[in-house]
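Note on naming: letters A, B, ... go to the chains in the order of the sequence lines (proteins, then strands), and numbering restarts at 1 for each one.
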Amino acid sequence: MLDIVRAVPHGKVVTYGQVALMAGSPRAARQVGAVLHGIRNSEDDVPWQRVINASGGISTFKVGSGELQVALLKAEGVEVGHGGEGLGPQVDLKAYQWRPDLESDG
DNA sequence: ACGTTGACGTCAG
DNA sequence: TCTGACGCCAACG
């Protein structure tokens, strides 16, 4: 599980479902978030910041660490904007969602 | 050790 | 296309 998140390249992002799918359980998206929520910053080796929801939105924004994640992503060159007025930040999956099949930027 | 909660995603109507 | 219900399982009380 964490190994998958570790495999996320710099400047790219992945969705919970994607990580869950790679983990072997396409329905265990929640588990992914649960684990990431468990490690938070305990594991600097795990770029949990590069993990977002299938909408490209930052769920952590309502958890408290959203500001940190947004800052970290932007620090990597990932463009983070607003999906809508009142909603949290959002990332363009079309441009930043990591695709392991491509094994490249894409 | 048991039960409830939760950083989500997919199937069905 | 939008809404409703279920599944997964680690962390917390």
Side-chain angles (χ1 to χ4, degrees):
Chain A
M1 170 84 57
L2 295 176
D3 291 336
I4 299 167
V5 180
R6 290 187 208 253
V8 181
H10 171 94
K12 302 291 283 190
V13 296
V14 276
T15 66
Y16 295 95
Q18 209 174 344
V19 176
L21 185 66
M22 299 177 196
S25 295
R27 308 293 198 102
R30 296 200 70 160
Q31 190 235 14
V32 178
V35 173
L36 295 177
H37 183 48
I39 63 176
R40 287 164 107 179
N41 54 5
S42 300
E43 297 286 349
D44 288 342
D45 295 337
V46 181
W48 58 272
Q49 69 225 40
R50 297 179 192 155
V51 186
I52 57 181
N53 62 37
S55 283
I58 296 184
S59 300
T60 63
F61 194 76
K62 59 181 178 185
V63 186
S65 297
E67 298 178 357
L68 177 61
Q69 185 177 26
V70 175
L72 290 169
L73 289 173
K74 291 169 68 175
E76 293 192 350
V78 177
E79 185 178 2
V80 184
H82 316 93
E85 298 179 4
L87 299 174
Q90 199 165 0
V91 178
D92 186 358
L93 298 175
K94 297 166 51 64
Y96 295 104
Q97 184 176 34
W98 176 50
R99 293 227 311 222
D101 291 349
L102 298 176
E103 292 289 343
S104 182
D105 296 342

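In this structure, A:W48 places its CH2 atom 13 Å from P of B:dC8, rounding to the nearest Å. One can place CG of A:L21 at 15 Å from C1' of B:dC11, the figure rounded to the nearest angstrom. In this entry the distance linking CZ of A:F61 with P of B:dC8 reads 15 Å, nearest Å. With rounding to whole Å, A:R27 atom CZ is found 19 Å from C:dA10 atom C1'. Atom CG of A:L36 is separated from atom C1' of C:dC8 by 14 Å (rounded to the nearest Å). Rounded to whole Å, the distance from CG on A:L2 to C1' on B:dA7 is 14 Å. When rounded to the nearest whole Å, the span between CE of A:M22 and P of B:dG9 equals 13 Å. Rounded to a whole Å, the CE atom of A:M1 is 8 Å from the P atom of C:dA10.
Comparing A:I52 and A:R30 against DNA chain B, the residue whose closest nucleotide sits nearer the 5' end is A:R30. Heavy-atom distances to DNA chain B give each of A:H37 and A:P26 a nearest nucleotide, and the one nearer the 5′ end belongs to A:H37.
Between A:S59 and the phosphate of B:dC8, there is a side-chain N or O to OP1/OP2 separation shorter than 4.0 Å.
Out of C:dA10, B:dA7, B:dG9, the shortest distance to the side chain of A:Q31 is found at C:dA10. Distances were taken from every side-chain heavy atom of A:T60 (C-beta onward) to each of B:dG9, B:dA7, C:dA10; the shortest belongs to B:dA7.
Within the shown strands, B:dT5 is the pairing partner of C:dA10 under the Watson-Crick or G-U definition, both distances less than 3.5 Å.
In this structure, the side chain of A:Q90 does not engage the main chain of A:G81 through any donor-acceptor pair within 3.5 Å. Although no hydrogens or angles enter the test, the distance criterion places a donor-acceptor pair under 3.5 Å between the side chain of A:Q18 and the main chain of A:W98. Between the side chain of A:Q97 and the backbone N or O of A:A54 there is no donor-acceptor pair closer than 3.5 Å.
For the P atom pair drawn from B:dT5 and C:dC6, the interatomic distance equals 16 Å after rounding to whole Å.
One hydrophobic cluster, built from ILVMFWY side chains closer than 4.5 Å, cannot hold both A:I4 and A:L21; they sit in different ones.
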*Step by step, work out the side chain to side chain contact (heavy atoms under 4.5 Å, CB included) result for A:L73 and A:I58.*
CA-CA 11 Å; A:L73 289 173; A:I58 296 184; 3.8 Å; yes
